[in-house]
Amino acid sequence: MANYNLTAIFSLLLSLLASTVSATFIAEIKQQQTRDEPYVGVNIGTDVSNLLSPADLVAFLQVQKISHVRLYDADGDIIKALAKTKIRVIISVPNNQLLAIGSSNATAAAWIDRHVAAHHPDTLIAAVAVGDEVLTAVPSSAPILMTAIESLYAALVAANLHTEIKISTPQSASVVLDQFPPSQAFFNQSLTPFLLPLLQFLSRTQSPIMMNLYPYYVFMQNKGVVPLENSLFKPLTPSKEMVDPNTLLHYTNVLDAMIDAVYFSMNNLNITDVVVLVTETGWPSKGDSKESYATIDNADTYNSNLIKHVFDKSGTPLHPEITSNVYIYELFNEDLRAPPVSEANWGLFNGNSTPVYLLHVSGSGAFLANDTTNKTYCVAVDGVDTKTLQTALDWACGPGRANCSEIQPGEVCYQPKNVKNHASYAFDSYYQKEGKSAGSCDFKGVAMITTTDPSHGSCIFPGR
């Protein structure tokens with residue numbers, strides 16, 4: 001009985017200590033988020049035909065008011081181009097470099113010296129992502145992951161950069177099992193030998209757990225169970241909200257449920273002071289015949305509502321005091337990606353920097369200048385042959401019922417007399433007539449949306 005009492009007292013003390021640590025953690029997070037507003041960043045993949053030069057890429061990021069980016073490698077030219085800007089970057093150790101870095105402290109130190117210290121403080125390197133979804137994508141590298149992380153961290157300490165630059169490793173959502181209800185979620189037990197040391201390291205270094213969370217895949221794998229509205233952050237009636245039967249917390253969207261599933265999973269391992277950083281989330285704008293929900297409308301709705309959700313600073317039902325920062329996947333459509341079709345169509349922009357669709361994020365701070373709920377126009381793309389443009393022009397003025405009266409001979413927009421000029425006017429007329437709806441500025445790829453007013457002289461385009 002005496003031993004039982006001692007055990008009970010010890011358990012109670014541990015419980016009280018955990019509660020105190022958790023309360024302290026929450027208070028610290030509140031103070032931190034008071035200082036640092038939540039943000040939305042973007043991932044930059046490079047499987048793009050004619051990718052912008054590093055200098056042009058950075059100029060584009062600045063025009064779009066994008067202040068946080070994540071690279072999938074440590075491209076020195078891009079890191080250098082980011083110098084003297086206010087853009088914060090997560091750089092990455094590719095999976096194929098883990099073995100070398102995890103096997104040699106000298107290699108880890110050289111990596112930090114070349115890719116981090118050489119650019120600090122001119123370039124604002126926020127974190128180093130070690131690998132990407134290593135435990136699930138390349139499980140053979142799992143045993144070396146923590147060694148690589150510890151070696152890189154030791155190199156940061158030696159360079160006295162460990163308090164400014166965090167180290168973590170992005171995980172796939174599949175490391176969490178039984179994600180709904182979130183209170184019943186837990187980490188895949190076969191991965192615990194790797195996840196627990198990682199979480200203890202993140203706790204010790206006050207670094208976030210990086211998670212790649214895609215409501216799109218949850219919806220596609222659970223059609224008929226998970227409503228599309230919940231996946232897209234659409235407003236719900238109380239009857240459509242997901243309710244966790246154990247906590248009675250109400251979930252109005254899938255992403256919050258996925259984030260809280262991570263928190264509950266960490267809590268099961270007695271980790272209560274690590275925050276979730278969503279390193280990837282998004283929705284594809286185009287898919288093959290089996291991906292009918294990969295549409296421009298759904299991608300626009302998801303990413304627009306995601307941005308609003310973050311800037312609303314409402315947190316999650318479990319942690320309303322903590323708003324996870326997120327990185328949208330991704331900046332550009334990576335047209336060189338292998339099938340399925342959706343793989344090449346996650347971008348907010350095409351490779352030529354024209355928007356794939358128009359985000360509706362008014363009121364969400366200065367983020368993304370392609371918010372475009374106001375002045376936007378539809379014009380002909382440069383470099384298209386005259387015959388193809390003429391076919392599109394004929395359709396717009398004919399079956400499309402665009403108002404083409406102003407480009408007739410003697411009218412104010414007839415000059416300059418060329419197909420590109422006339423097509424741009426007709427495309428814009430059709431686009432405006434259709435209420436700027438998704439897909440109304442395409443014309444089989446020969447048109448693009450722009451925020452630059454194409455009006456000239458006395459020729460006023462319909463969009464003005």
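Just so you know, these numbers come straight off a predicted model, no measurement behind them.
Side-chain contact annotation: Y214 with E280, donor-acceptor N/O pair under 3.5 Å present. For the residue pair D297 and T295, no side-chain donor N or O sits within less than 3.5 Å of a side-chain acceptor on the partner. Checked by atom type, the side-chain pair E291/S342 shows a donor-acceptor distance below 3.5 Å. Using a 3.5 Å distance cut-off with no hydrogens or angles, the side chains of T388 and D385 do pair a donor with an acceptor. In the model, D394 has no side-chain atom that pairs as donor or acceptor with a side-chain atom of T391 under 3.5 Å.
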Test side chain to side chain contact (heavy atoms under 4.5 Å, CB included) on S67 and R88 and set out the steps. CA-CA 6 Å; S67 60; R88 301 181 68 83; over 6 Å; no

Let me see the working for F332 and L52 under side chain to side chain contact (heavy atoms under 4.5 Å, CB included), right down to the final yes or no. CA-CA 10 Å; F332 298 120; L52 296 176; 3.9 Å; yes

Take S53 and D56, measure what side-chain hydrogen bond (donor to acceptor under 3.5 Å, both in side chains) needs, and give me the verdict at the end. CA-CA 5 Å; S53 70; D56 288 342; 3.3 Å; yes

List the steps, then state whether ring pair (Phe, Tyr, Trp, His ring centres under 6.0 Å) holds for Y302 with Y216. CA-CA 9 Å; Y302 180 82; Y216 170 74; 9.2 Å; no

In sequence, state the C-alpha distance, the side-chain angles, and the governing distance for F349 and F60, and then conclude on ring pair (Phe, Tyr, Trp, His ring centres under 6.0 Å). CA-CA 11 Å; F349 297 88; F60 178 70; 4.9 Å; yes

For D132 and R70: C-alpha separation, side-chain torsions, deciding distance, then whether salt bridge (Lys or Arg N to Asp or Glu O under 4.0 Å) applies. CA-CA 12 Å; D132 188 33; R70 174 186 172 216; 3.2 Å; yes

Step-by-step side chain to side chain contact (heavy atoms under 4.5 Å, CB included) determination, M266 to T272: CA-CA 7 Å; M266 288 194 290; T272 60; over 6 Å; no

Please lay out, stage by stage, how V243 and L249 fare under the test side chain to side chain contact (heavy atoms under 4.5 Å, CB included). CA-CA 6 Å; V243 181; L249 292 173; over 6 Å; no

Ring pair (Phe, Tyr, Trp, His ring centres under 6.0 Å) evaluation trace for Y431 with Y377: CA-CA 8 Å; Y431 172 63; Y377 309 84; 8.5 Å; no

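Side-chain contact check for T252 versus N230: every heavy-atom pair is 4.5 Å or farther apart. Side-chain contact between C413 and Q408 is absent, with no heavy-atom pair separated by less than 4.5 Å. Counting only heavy atoms from C-beta outward, the side chains of Y430 and R401 never approach each other to under 4.5 Å. Residues Y293 and S231 fail the side-chain proximity criterion, which asks for heavy atoms closer than 4.5 Å. Residues D335 and D47 form no side-chain contact, since every pair of their non-hydrogen atoms from C-beta on lies 4.5 Å or further apart. Using a 4.5 Å heavy-atom cutoff, the side chains of F187 and L177 are not in contact.
The backbone N or O of N212 lies less than 3.5 Å from no partner atom in the side chain of Y329, so there is not a single donor-acceptor pair. Between the side chain of Q179 and the main chain of A173, a donor-acceptor pair closer than 3.5 Å is present. Remark: the backbone N or O of D75 is paired with a side-chain donor or acceptor of D73 at under 3.5 angstrom. Side chain of D428 to main chain of G463: a donor-acceptor pair is present (N/O by atom type, distance under 3.5 Å, no hydrogens or angles). Remark: the backbone N or O of D256 is paired with a side-chain donor or acceptor of N253 at under 3.5 angstrom. Looking only at distances, a side-chain donor or acceptor of S92 sits under 3.5 Å from a matching main-chain atom of L71. With S183 contributing its side chain and N246 its backbone, the two residues share no donor-acceptor pair below 3.5 Å. Counting only distance, with no hydrogens or angles, the side chain of Q97 and the backbone of P94 share no donor-acceptor pair below 3.5 Å. Looking at Q206, its side chain never comes within 3.5 Å of a backbone N or O of L202 through a donor-acceptor pair. T354 places no side-chain N or O within donor-acceptor distance of the main-chain N or O of N350, the cut-off being under 3.5 Å.
Atom CD1 of I328 sits about 5.5 Å away from atom CG of L306, to the nearest 0.5 Å. Here CD1 of I78 is found 11.5 Å from CD1 of I91. Values are rounded to the nearest 0.5 Å. Atom CG of N305 sits about 10.0 Å away from atom CG of D312, to the nearest 0.5 Å. Atoms CD1 and OG, from I165 and S207 in turn, are 11.5 Å apart once rounded to the nearest 0.5 Å. Remark: D260 CG to T316 OG1 distance equals 3.5 Å, nearest 0.5 Å. With rounding to the nearest 0.5 angstrom, the CD1 atom of I259 is 13.0 Å from the CZ atom of F264.
No more than 12 heavy-atom neighbours from other residues, nucleotides or ligands sit within 6.0 angstrom of CG on N50. With a 6.0 Å radius and a threshold of 12 heavy atoms from other residues, nucleotides or ligands, K286 has its NZ atom at or below the threshold.
Between F443 and V446, the shortest heavy-atom contact is O-CG2, 3.1 Å. Nearest heavy atoms, N298 versus W283: CB-NE1, 3.4 Å. L393 and F427 make their closest contact through N-CE2, 4.1 Å (heavy atoms, listed as atom of the first residue, atom of the second, distance). S429 and P462 get closest at one heavy-atom pair: CA-CG, 3.7 Å. In terms of heavy atoms, V130 sits closest to P170 at O-CD, 4.3 Å. Residue K240 comes nearest to E229 through the heavy atom pair NZ-OE2, 4.3 Å, listed as atom of the first residue, atom of the second, then distance.
Between Y217 and W346, the angle of the ring planes lies from 30° to 60°, which puts this pair in the tilted group.
With Y72 as the partner, the side chain to side chain donor-acceptor pair (under 3.5 Å) test is satisfied by one option alone out of N43, N95, T46: N43. Here the rule is side-chain contact (heavy atoms from CB on, under 4.5 Å) with M210, and of I90, V278, V276, T169 only I90 fits it.
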